[in-house]
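Start at 1 and go down the list; that is how both ligands and their atoms are numbered. Starting from 1, each residue takes its place in the sequence as its number.
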Amino acid sequence: MIIYQKIYEAETHQNITIIRDDLYPFLGGGNKGRKIDSIGKEILTEAYNAVVTTGGIQSNHCRATAVFCAQYKLQCTLVLHGDKDKFLKESGNAKIMRMSGANIIFVDQPKDIGPTMDQAICQYEDIGLKSYYLWGGGHNLQGGKAYIDAVTQLDQQLEIDYLFVACGTGSTQAGIMAGLSKKNMPCKVIGISVARNQKSAQEHVSNFYNQLCEIFSIQRQHETIVLDDYLCGGYEQYNDELKKLSANSICDYGFALDTTYSGKAFLGMQQYVLKHNLQGNILFWHTGGIFNFLA
Ligand SMILES: *Cc1c(COP(=O)(O)O)cnc(C)c1O
């Protein structure tokens, strides 16, 4: 399902098409809802009965995974990093994770994530369960395929010259690029990095795009562009400008832009459009983050 909205940007006098994946029909919506629906097909058809994954205390991905597992009665272990007291108090994704019945393990150090996930997998195997190891962010082939499939559903009449999207693990951007290549739509895809520097982000996206194209027999035709000019200091960091954009998003556009993902990408788009005086049809793929916004 693809939901469109047109907005008018007063500053640049442009009409911008928004894809409202924040409204994707899954609790909390967003790209992690879309990814888990695709990943979930594999989990169900291959008869896994436990899932182990990881993320922060307000992870959209862990929330989506926890909800999916609860709905389909699968065992779920979430290896979380961050402040446990905050996790127990906060609303948003943390609240949904708490309510999902998932088994939640906290680790202090990033280096403990892998071993703790491995241990959880072993414990499930020991009691005879088939367990699915899910990378943080839902970053796997099925997660990327979710976006190839989404692009396939785009309106045939839609004209796009520039497409902007937030870039974290890069599977959303790579999936969109592969989908556009498959449909032979040569628009420029511009990822706005929310954490990685340009070199590392472009490498990740480009490698994953190549992998998707190879596996799904798609002719590569898109250049990988990820900008790191709007990091605001790094993952989950923001400045006054971004805070203001996020706070005004309801009144200005009628949707919520969080400060970790969609707001960063939107700010990046606005500034890039101004800086390069972009003309043509611009599309912003809103990847969600409503529960981060509400936390
Ligand atoms: C995870 C996330 C992203 C980044 O998606 P990737 O596929 O990891 O690049 C963007 N927006 C929101 C709201 C997210 O939760």
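Residues Tyr132 and Asn49 bring no donor and acceptor atom of their side chains to less than 3.5 Å of each other. A donor-acceptor contact closer than 3.5 angstrom links the side chains of Asn31 and Thr172. No side-chain donor-acceptor contact under 3.5 Å links Thr116 and Asp112. Between Thr77 and Tyr124, the side chains place a donor N or O and an acceptor N or O closer than 3.5 Å (distance only, hydrogens not considered). For the residue pair Tyr147 and Asp21, a side-chain donor N or O sits within less than 3.5 Å of a side-chain acceptor on the partner.
Close N/O approach between Ala166 and ligand 1 is not found [any backbone or side-chain N/O within under 3.5 Å]. Below 3.5 Å of separation, one finds no N or O of Ser262 facing any N or O of ligand 1. Residue Lys32 places at least one N or O, backbone or side chain, under 3.5 Å from an N or O of ligand 1. Ligand 1 has no nitrogen or oxygen under 3.5 angstrom from a nitrogen or oxygen of Tyr261.
Ring pair Phe106/Phe87 is perpendicular by interplanar angle, where above 60° counts as perpendicular and below 30° as parallel. Between Phe208 and His139, the ring-plane angle classifies as tilted under the 30° and 60° cut-offs. The aromatic rings of Tyr72 and Phe68 sit tilted relative to each other, their planes meeting at an angle between 30° and 60°.
Close to ligand 1: Gly288, with a non-hydrogen atom less than 4.0 angstrom away. Heavy-atom separations between Gly30 and ligand 1 are all 4.0 Å or longer.
Proximity to Gly289 (heavy-atom distance under 4.0 Å) selects the following atoms of ligand 1: 13 (C). When each atom of ligand 1 is checked for a heavy atom of Gly170 under 4.0 Å away, the hits are 6 (P), 8 (O), 9 (O). Close approach to Cys167 involves these atoms of ligand 1, each under 4.0 Å from a residue heavy atom: 9 (O). Which parts of ligand 1 touch Thr172 is read off a 4.0 Å heavy-atom cut-off, strictly below it: atoms 5 (O), 6 (P), 7 (O). Residue Lys35 has at least one heavy-atom neighbour below 4.0 Å for each of these atoms of ligand 1: 6 (P), 7 (O), 8 (O).
Across the listed options Leu257, Asn60, Thr169, Thr169 owns the non-hydrogen atom lying nearest to atom 8 (O) of ligand 1. Of the candidates Ile176, Asn31, Val194, Thr260, Asn31 brings a heavy atom nearest to atom 5 (O) of ligand 1.
Salt bridge Asp85/Lys89: absent, no basic N to carboxylate O contact under 4.0 Å.
For atom 10 (C) of ligand 1, the nearest protein heavy atom (residue, atom name, distance) is Thr287 OG1, 3.2 Å. The shortest contact between atom 9 (O) of ligand 1 and any protein heavy atom is with Gly168 N, 2.7 Å.
A ring pair (Phe, Tyr, Trp, His ring centres under 6.0 Å) with Phe266 is found for exactly one of Phe164, Tyr272, Trp285, Tyr253, namely Tyr253.
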